[in-house]
Amino acid sequence: MIFENFLTFLGKVLFFSGLVNDKNSFPKPLSKKDEEVYFQKFWQGDAQAKDILIRHNLRLVAHVVKKYNGAAEADDLISCGTIGLIKAINSFKPDKGTQISTYASRCIENEILMFLRVSKKHQQVGSLNESLGDDRDGNEISLVDIVTDEREQTDIDLAMHSQLMQKLVKAMRERLSDREFKIINLRYGLDNQIALPQREVAEKLNISRSYISRIEKHAISVIQQIVHEPNFRDFQ
């Protein structure tokens with residue numbers, strides 16, 4: 001449970017960073033010429049150019065997520081897909097002859113497949129043939145499709161996320177107050193428990209929901225700063 005919670009949490013932190021203002025209204029894709037210009041700027045160290053590349057490729061995330069409609073909550077899939085997109089922007093090499101849209105779509109899908117695999121594993125699915133939903137062509141997706149197609153890459157990604165999770169949780173403990181850390185743990189299930197809505201966290205801690213919201217917002221802003229630090233560059 002903790003890995004899928006962590007993946008969705010990280011995706012939501014990235015959404016808070018301002019890359020997405022309205023998940024239902026993504027910016028239009030860049031022209032090929034503009035995309036090349038922004039990639040050149042990004043490779044020269046321009047962080048703003050990278051944000052533009054991510055923002056203008058978010059439609060790819062929505063497109064890939066549609067393939068897994070019904071396999072998990074849409075917001076969770078979008079969050080994981082966003083992480084895949086960021087990885088794609090970080091690692092894209094044009095000299096391999098692949099377009100960024102093709103390369104990014106695969107990275108987004110890999111991230112979603114990893115999330116689904118880990119999620120179903122923790123739910124103790126009894127059969128590899130159990131349905132996870134249908135793809136956009138109406139074909140049924142089963143766990144065996146995920147496990148057999150992506151096992152090696154998924155294991156590598158899981159190891160990377162495990163290291164990231166340990167670093168981020170350690171940094172959160174150091175930078176957040178005890179109350180902030182507890183609320184984030186409860187809200188996003190980072191302590192291997194079920195993630196709770198603000199209302200239930202407020203009842204549990206006997207404080208108002210609006211206060212929970214203010215504390216969470218401040219904590220997320222601190223975490224946003226953390227994930228943009230050099231130690232987390234591979235996941236920015």
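- Judged by distance alone, with hydrogens and angles left aside, the side-chain atoms of Glu180 form a donor-acceptor pair with the main-chain N or O of Ser177 at under 3.5 Å.
- Rounding to the nearest 0.5 Å places CD of Glu203 at 12.0 Å from OG of Ser208.
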Hey, mind stepping through Ser105 and His63 against side-chain contact (heavy atoms from CB on, under 4.5 Å) and telling me if it holds?
CA-CA 9 Å; Ser105 293; His63 179 71; 5.5 Å; no

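- Residue Leu113 holds its CG atom at 10.5 Å from SG of Cys80, rounded to the nearest 0.5 Å.
- Nearest heavy atom pair, residue Ser213 against residue Gln198, reads CA-NE2, 3.7 Å.
- Of all the heavy atoms in Ala88 and Ile100, the pair that sits closest is O-CD1, 4.4 Å.
- Atom NZ of Lys167 has more than 12 heavy atoms from other residues, nucleotides or ligands within 6.0 Å.
- Distance check: Glu200 CD to Ile212 CD1 gives 12.0 Å after rounding to the nearest 0.5 Å.
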Verdict with reasoning, Asp34 to Ser31, per side-chain contact (heavy atoms from CB on, under 4.5 Å)
CA-CA 5 Å; Asp34 285 344; Ser31 67; 3.3 Å; yes

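- Not a single donor-acceptor pair under 3.5 Å links the side chain of Arg175 to the backbone N or O of Ile223.
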Going through the checks in order, is the side chain to side chain donor-acceptor pair (under 3.5 Å) test met by Glu216 and Tyr211?
CA-CA 8 Å; Glu216 180 182 343; Tyr211 191 35; over 6 Å; no

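- With sequence neighbours excluded, the residues satisfying salt bridge (Lys or Arg N to Asp or Glu O under 4.0 Å) with Glu109 are Lys67, Arg106.
- The side chain to side chain donor-acceptor pair (under 3.5 Å) search around Arg209 returns none, not counting sequence neighbours.
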Could you walk me through whether Lys50 and Asn90 pass the side chain to side chain donor-acceptor pair (under 3.5 Å) test, one step at a time?
CA-CA 8 Å; Lys50 177 182 175 180; Asn90 282 343; 2.8 Å; yes

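- Side-chain atoms of Asp46 never come within 3.5 Å of backbone atoms of Phe42 as a donor-acceptor pair (strictly under, hydrogens ignored).
- Smallest separation of non-hydrogen atoms from Leu60 and Ser101: CD1-CA, 3.8 Å.
- Between Leu58 atom CG and His56 atom NE2 the span is 9.5 Å, to the nearest 0.5 Å.
- Contact check for Tyr188 versus Leu196: no side-chain heavy atoms found under the 4.5 Å cut-off.
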What do the steps show when you test Lys182 against Leu205 for side-chain contact (heavy atoms from CB on, under 4.5 Å), and what is the final call?
CA-CA 10 Å; Lys182 184 173 185 177; Leu205 300 182; 3.7 Å; yes

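- Taking hydrophobic clusters as Ile, Leu, Val, Met, Phe, Trp and Tyr residues chained together by side-chain heavy-atom distances below 4.5 Å, Leu186 shares a cluster with Ile207.
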Derivation and outcome, side-chain contact (heavy atoms from CB on, under 4.5 Å), residues Ile108 and Thr82
CA-CA 7 Å; Ile108 292 164; Thr82 302; over 6 Å; no

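- Exactly one residue among Val65, Val64, Val61 makes a side chain to side chain contact (heavy atoms under 4.5 Å, CB included) with Leu77. That residue is Val65.
- Residues Val201 and Leu176 fall into different hydrophobic clusters, defined by Ile, Leu, Val, Met, Phe, Trp and Tyr side chains chained together at heavy-atom separations under 4.5 Å.
- Taking hydrophobic clusters as Ile, Leu, Val, Met, Phe, Trp and Tyr residues chained together by side-chain heavy-atom distances below 4.5 Å, Leu30 shares a cluster with Phe92.
- In this structure, a donor-acceptor pair under 3.5 Å is absent between the side chains of Gln48 and Tyr38.
- The side chain to side chain donor-acceptor pair (under 3.5 Å) search around Tyr103 returns Ser91, not counting sequence neighbours.
- Separation of atoms CD1 (Ile215) and CD1 (Ile220) is listed at 12.5 Å; rounding is to 0.5 Å.
- Of all the heavy atoms in Ile112 and Tyr68, the pair that sits closest is CG2-CD1, 3.9 Å.
- From Gln99, atom CD reaches atom OG1 of Thr102 across 5.0 Å, with rounding to the nearest 0.5 Å.
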